[in-house]
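To start, the structure under review is shown below, and the notes come after it.
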Amino acid sequence: MPLQFFNTLTRAKEEFRPLIPGQVRMYTCGPTVYNFAHIGNFRAYIFEDLLRRFLKYKGFKVTQVMNLTDIDDKIIKGTIELKVSLSDFTSPFKKKFFQDLDTLGIERAELYPEATAHIPEMVEIVKKLLAKGLAYEIDGNYYYSIIKFPSYGKLAHIDITGLKAGARVAADEYEKESVSDFALWKAWDERDGDVYWETELGKGRPGWHLECSAMSMKYLGETFDIHTGGVDNIFPHHENEIAQSEGALGRKFVNYWLHCEHLIVEGRKMSKSLGNFYTLDDILEKGYPPVAVRSVLLSTQYRQQLNFTFEGLDAAREGLKRFNDFYRNLRDYGGGESSGEADDFIKKLLTDFENALDDDLNISPALGALFDFIRDINRLKAEGKLSADERVRALQAVEKINTVLNFLIKDWASPRQDSQIDAMIAARADAKKRRDYPAADKIRAQLLEMGIILEDTPTGTKWKRKL
RNA sequence: GGCGGCUUAGCCAAGCGGUAAGGCGGAGGUCUGCAAAACCUCUAUUCUCCGGUUCGAUUCCGGAAGCCGCCUCCA
């Protein structure tokens with residue numbers, strides 16, 4: 001099966017063909033750094049991580065750009081409230097964002113350009129739009145005239161004649177030619193404090209959509225392969241990016257638009273007022289391992305709404321224990337007499353896993369293939385029908401799959417040097433030899449208190465960390 | 001008001017015209033001093049509801065109910 005993605009532009013699954021064979025250039029909408037990201041945000045970043053990792057798995061060279069929006073209304077408001085500079089306000093959020101990416105095992109993009117570092121590029125686009133008659137200026141504000149861009153609405157499938165002034169249109173934008181026109185550049189006023197840039201367009205700051213047009217074309221070229229974001233970005237953000245980029249350059253902006261659905265919590269929209277609003281730290285403070293959060297956010301296909309529940313998080317943790325136990329136990333396995341079945345299981349795993357993800361990143365059957373494999377190989381092991389050579393090939397297959405999933409926990413289980421743990425295990429072995437089981441069980445209980453779980457095997461006692 | 005998505009076992013979640021993957025949970029069994037890990041068996045006669053098309057529908061069509069969105073700065 002060829003790799004297929006559901007393209008928001010055409011509302012259909014399409015075979016993926018990058019502009020340059022073997023290379024993928026993609027732009028993934030990043031955070032606005034005005035507060036800490038919530039788990040809904042991370043659902044999007046995890047989806048993008050899956051996309052990126054699977055493309056690499058398929059052998060593509062990936063160039064991913066993720067923007068950091070470090071200038072917008074909320075950020076300006078924050079700088080004024082806290083009486084700090086723009087960069088002093090945003091830098092802690094930027095730092096925390098990258099920490100959280102690491103915590104969730106999200107692979108870094110090639111580039112994280114910041115909006116504030118690309119003001120000249122944005123000004124250039126506005127100048128091009130002005131020259132083409134697609135933009136106009138009123139009192140230092142520059143707007144895009146969407147009526148001059150006939151295909152406006154093609155991504156969101158919105159008929160612009162149906163767009164009407166809504167309650168959410170700010171009162172200070174009354175001077176626009178049309179209420180649906182959007183701001184490219186906003187003139188400075190006193191509410192902006194000392195946040196402004198002196199440019200050919202005057203003293204002011206960029207509109208929200210402009211940065212993505214400017215930075216994507218700078219780093220990925222005027223036309224590139226994939227652009228992603230949450231479904232809420234389809235309109236107006238991505239629609240406006242298309243208008244800006246295609247209007248300024250007169251050529252197609254992006255070939256494949258992928259949007260991930262939102263996450264809801266316990267069947268309800270996540271909101272602060274419902275008390276079901278969670279940042280990553282909120283979840284981790286409850287004692288869940290980060291990889292369980294990764295698993296929950298990854299395990300529902302990206303175009304399905306994801307219902308985040310703590311019951312689901314518990315289930316994810318148990319499933320990860322099984323996967324990590326499987327991997328560790330397979331690594332420690334000595335080998336037996338081959339029944340000839342293992343290579344068929346390996347082949348089936350790799351085929352089914354790849355076929356599932358080829359189909360618009362359909363993760364559920366891919367995970368189904370993995371758990372089938374775990375059961376099949378464990379059965380062969382239990383029956384002594386897995387050879388040492390087959391064991392190596394099975395491990396390689398699992399490791400290959402883990403380059404996409406990233407579910408294996410490093411340094412989770414023995415063997416590893418830890419004098420205290422090793423001494424306690426030795427003391428317990430002594431007690432067991434004397435058949436002093438109460439003493440042995442006491443040591444085991446002490447280790448459990450320390451978060452260490454023991455497993456007695458024919459080749460000795462192994463230990464692992466409690467997940 | 002306009003446009004769109006979803007509803008499958010206790011929970012999560014595939015399948016989308018030929019008789020329900022997988023995970024978690026639960027029950028029983030094997031192994032073990034006991035655990036842990038692992039293996040085996042069982043756990044939806046049925047896919048929100050009501051009609052229709054069809055030899056046959058969870059899958060297609062129509063309608064209803066519930067939930068979640070977008071309609072100018074929220075992933």
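Note that these values count all heavy atoms, side chains included, but never hydrogens, waters or copies made by symmetry. The structure displayed is predicted, hence computed values, not measured ones. Proteins get letters first, then strands, A, B, ... in listed order; numbering begins at 1 in each.
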[N]: pairing nucleotide in any strand, Watson-Crick or G-U under 3.5 angstrom:
| N | result |
| --- | --- |
| C73(B) | none |
| U32(B) | none |
| A9(B) | none |
| A27(B) | U41(B) |
| U58(B) | none |

Look at all strands and tell whether [X] reaches a base, only sugar-phosphate, or nothing, counting heavy atoms closer than 4.0 Å.
| X | value |
| --- | --- |
| N41(A) | base |
| L370(A) | nothing |
| H237(A) | nothing |

Which residue, K96(A), R108(A), R294(A), forms the salt bridge (charged side-chain N to carboxylate O under 4.0 Å, His left out) with D102(A)?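 That would be R108(A).
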
Does a salt bridge link D456(A) with K462(A), judged by any charged N lying under 4.0 Å from a carboxylate O?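 No.
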
Could you run through nucleotides 28-35 of chain B and give me one letter per nucleotide, 5' to 3': B if any protein heavy atom sits under 4.0 Å from the base, S if only the sugar-phosphate is that close, - if neither? -----BBB

When every nucleotide of nucleotides 4-15 of chain B is labelled 5' to 3' by its protein contacts under 4.0 Å (heavy atoms), B for base, S for sugar-phosphate only, - for none, what sequence of letters results? -------SSSSS

Separation of [N] [atom2] from [X] [atom1] (nearest whole Å):
| X | N | atom1 | atom2 | answer |
| --- | --- | --- | --- | --- |
| I374(A) | G23(B) | CD1 | P | 9 Å |
| H38(A) | A75(B) | NE2 | P | 6 Å |
| L51(A) | A75(B) | CG | P | 19 Å |

Check the orientation of [X] and [Y]. Use parallel for under 30°, tilted for 30 to 60°, and perpendicular for over 60°.
| X | Y | result |
| --- | --- | --- |
| F36(A) | F93(A) | perpendicular |
| H209(A) | H237(A) | tilted |
| Y144(A) | F182(A) | parallel |

Side chains of [X] and [Y], donor plus acceptor under 3.5 Å:
| X | Y | result |
| --- | --- | --- |
| T228(A) | E48(A) | yes |
| D70(A) | Y34(A) | no |
| T116(A) | E114(A) | no |

Listed partners of R375(A) passing salt bridge (charged side-chain N to carboxylate O under 4.0 Å, His left out), at least two apart: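 Salt bridge (charged side-chain N to carboxylate O under 4.0 Å, His left out) check on R375(A) returns D372(A).
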
Would you say A37(B) has OP1 or OP2 under 4.0 Å from some side-chain N or O of R328(A)?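 For A37(B), OP1/OP2 do not have a side-chain N/O of R328(A) under 4.0 Å.
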
Taking OP1 and OP2 of A75(B), is either one under 4.0 Å from a side-chain nitrogen or oxygen of N233(A)?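 Answer no for this pair, as no side-chain N or O of N233(A) is under 4.0 Å from OP1 or OP2.
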
C1' spacing across the pair A38(B) / U54(B), given as an integer number of angstrom: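 My reading of the C1' atoms in A38(B) and U54(B) gives 48 Å.
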
Between U7(B) and G15(B), how many Å separate the two C1' atoms, rounded to a whole number?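 Looking at atom C1' only, U7(B) and G15(B) are 15 Å apart.
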
Go through A38(B), A36(B), C73(B) for me and flag the one nearest to the K464(A) side chain.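 Output: A36(B).
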
Reported NE2-to-CG distance for the pair H38(A) and D100(A), which is rounded to 0.5 angstrom: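 Between atom NE2 of H38(A) and atom CG of D100(A) there are 12.5 Å.
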
May I ask you to verify whether the side chain of K74(A) and the base of C74(B) hold a donor-acceptor pair under 3.5 Å?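 Flag unset: no donor-acceptor pair detected.
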
